[in-house]
Amino acid sequence: MKFNTKTIHAGRKPCQLTGAISTPIYQTSTFVFDDVGEPGEYDYSRTNNPTRKALEDTLADLEGGVAGFAFPSGMAAVTTVIHLLSAGDHVVCADDTYGGTHRLFSDIMPRFGIEFSFIRLDDEAKLRNAIKPNTKMIWVETPSNPLLNITDLDMISKVAKEQDILTVADNTFATPYFLRPIEHGIDIVLHSTTKYLNGHCDVIGGGVITSTNKLAEDVHFLLNGMGTNAAPFDSWLVLRGIKTLPLRMDKHQANAIAVAEYLKGHSKVKEVFYPGLPEHPGHELAAKQMDGFGGVVSFKLKSESDVPSFLHGLDLFHLAESLGGADSLVEHAATMSHASMAEDARRKAGITDDLIRLSIGLEDADDLIEDLSRGFDNAGNIKG
Ligand code: PLP
């Protein structure tokens, strides 16, 4: 089955009871047992739920994994996966992950004895150098948030497999439409389904897809044991969003290319970050590894002091965190999505105060460019 067909049919069948084409929302906490000691297919919704299962099977199919799991947020998915490790283990993590992931790994998990090294994962020798005898996991985000760095997944999985280290790829930005990390040897794929998979800015959710049955067993044990299960209605919203994923991703990307080209030529712009631009350092790798470049574009203004007035001048782009929805959003990473990162770690990763991230929505590209030009016209205006 081709990918576009899978987004409609994978993991779902019309309801056997009523024929309903839309997956029913099983809004129930519990299920009646067949007999003493004999549960039916489902017993309790934390452990499993038919609506959640439809989403989980869909995620597994789209990513080419053996099993999927749905969480109440992307961070719940991250938290659950990191609990595959134990005190004394070490993780090599990309230095430019989402700020919330960075906060969990630098300020919370070390309290439980897990150690992290944050490095730019752009070089095999650098990765090998960072690996210690107790390294148990490598954590990658590609394209990364917010700088759109591209990591070579074949290289990461080759090095990891030699040393029996688990690999996790956060595939939120690319989605399985543009990248399937398991095809590159990655063990676990993770999503904030809040973003493109849902696609409408109306749910918070997370997903994990495993490449083996053993990992599936371990993740489900944690999800059930820690209670990090997605709700039925939230699962249904993500399922509904997935049906239009390819159409949306193509439009996000077409708009993003137009916006990136526009920004590139603008006199008030210092640097544009979009892997679809031939001059992006990860362009060649992205073109080889991915089927598309996605819908997020970041850029730096020449003058840092223009940031507030530029943002105030925008009308269509709303100032908001998150990304991947139909509405275009703009954010200032240093004070918003990545504010929870320590300032020195943020600067070291290149997330400077002049950086602006755009989530390019599904509007007409001409209107988006016109809106950005309003922002630039206002940039530097002392009234802000
Ligand atoms: N991973 C990435 C790449 C993200 O951008 C985010 C949120 O922005 C998360 C994980 C966390 O997801 P959530 O906000 O759904 O908890």
Side-chain angles (χ1 to χ4, degrees), residues 55 59 63 69-83 91 93-109 118 121 139-151 153 168-179 181 186 188-209 223 226 228-231 234-235 237-238 241-242 249 252 273 275 290 293-298 319-325 327 329-341 346 349 351 355 357-360:
L55 170 60
L59 292 174
E63 286 286 3
F69 300 95
F71 296 84
S73 67
M75 285 316 301
V78 176
T79 303
T80 304
V81 167
I82 206 68
H83 277 79
V91 181
C93 181
D95 68 351
D96 58 340
T97 54
Y98 164 60
T101 304
H102 202 281
R103 171 176 53 197
L104 176 72
F105 290 177
S106 49
D107 298 340
I108 302 175
M109 294 317 297
F118 298 96
L121 289 172
W139 194 285
V140 184
E141 198 176 289
T142 182
S144 68
N145 182 2
L147 288 168
L148 291 309
N149 288 312
I150 306 293
T151 302
L153 295 179
V168 182
D170 185 329
N171 198 28
T172 298
F173 271 42
T175 83
Y177 183 58
F178 286 145
L179 174 67
I186 294 294
I188 297 174
V189 178
L190 186 137
H191 284 279
S192 167
T193 56
T194 312
K195 310 295 182 327
Y196 290 109
L197 289 175
N198 169 263
H200 294 78
C201 288
D202 53 13
V203 78
I204 297 284
V208 167
I209 300 92
L223 177 154
M226 296 166 67
T228 48
N229 55 289
D234 292 356
S235 300
L237 281 169
V238 179
I242 285 174
M249 292 313 291
H252 283 299
F273 304 86
M290 299 168 70
F293 306 104
V296 177
V297 180
S298 296
L319 182 65
E321 284 166 347
S322 203
L323 56 105
D327 300 55
L329 302 177
V330 61
E331 72 123 16
H332 181 229
T335 57
M336 296 170 73
S337 60
H338 291 68
S340 57
M341 253 171 112
R346 201 165 13 90
I351 306 165
L355 182 75
R357 187 189 74 190
L358 302 173
S359 171
I360 306 296

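We count ligands from 1, going down the list as the structure has it; atoms in each ligand are counted the same way.
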Which is closest to atom 10 (C) of ligand 1 by heavy-atom distance: T194, D170, L323, V296? D170
What are the atoms of ligand 1, with element, lying closer than 4.0 Å to any heavy atom of T172? 1 (N), 2 (C), 3 (C)
Pull out every atom of ligand 1 sitting under 4.0 Å from any heavy atom of G205, numbered as shown with elements. 15 (O)
[atom]: nearest protein contact (heavy atom, Å):
| atom | result |
| --- | --- |
| atom 11 (C) of ligand 1 | Y98 CE2, 3.5 Å |
| atom 5 (O) of ligand 1 | N145 ND2, 3.0 Å |
| atom 16 (O) of ligand 1 | M75 N, 2.9 Å |

If we only consider heavy atoms of A77, is any one of them less than 4.0 Å away from an atom in ligand 1? no
Please verify the inter-ring angle class for H102 with F118; under 30° counts as parallel, over 60° as perpendicular, anything in between as tilted. parallel
For H338 and L355, run side chain to side chain contact (heavy atoms under 4.5 Å, CB included): C-alpha distance rounded to whole Å, both residues' side-chain angles, the deciding distance at 0.1 Å, then the answer. CA-CA 11 Å; H338 291 68; L355 182 75; over 6 Å; no
With respect to [X], determine whether any N or O atom, backbone or side chain, lies less than 3.5 Å from an N or O atom of ligand 1.
| X | result |
| --- | --- |
| G74 | yes |
| K195 | yes |
| E141 | no |

Contact between L323 and L329 at the side-chain level, heavy atoms closer than 4.5 Å - yes or no? no
Does C201 reach the side chain of D327, with side-chain heavy atoms less than 4.5 Å apart? no
For E63, what residues pass the salt bridge (Lys or Arg N to Asp or Glu O under 4.0 Å) criterion, not counting sequence neighbours? none
I need the S144 OG to D95 CG distance, nearest 0.5 Å. 8.5 Å
Walk me through whether L55 and T193 qualify under side chain to side chain contact (heavy atoms under 4.5 Å, CB included). CA-CA 11 Å; L55 170 60; T193 56; 5.6 Å; no
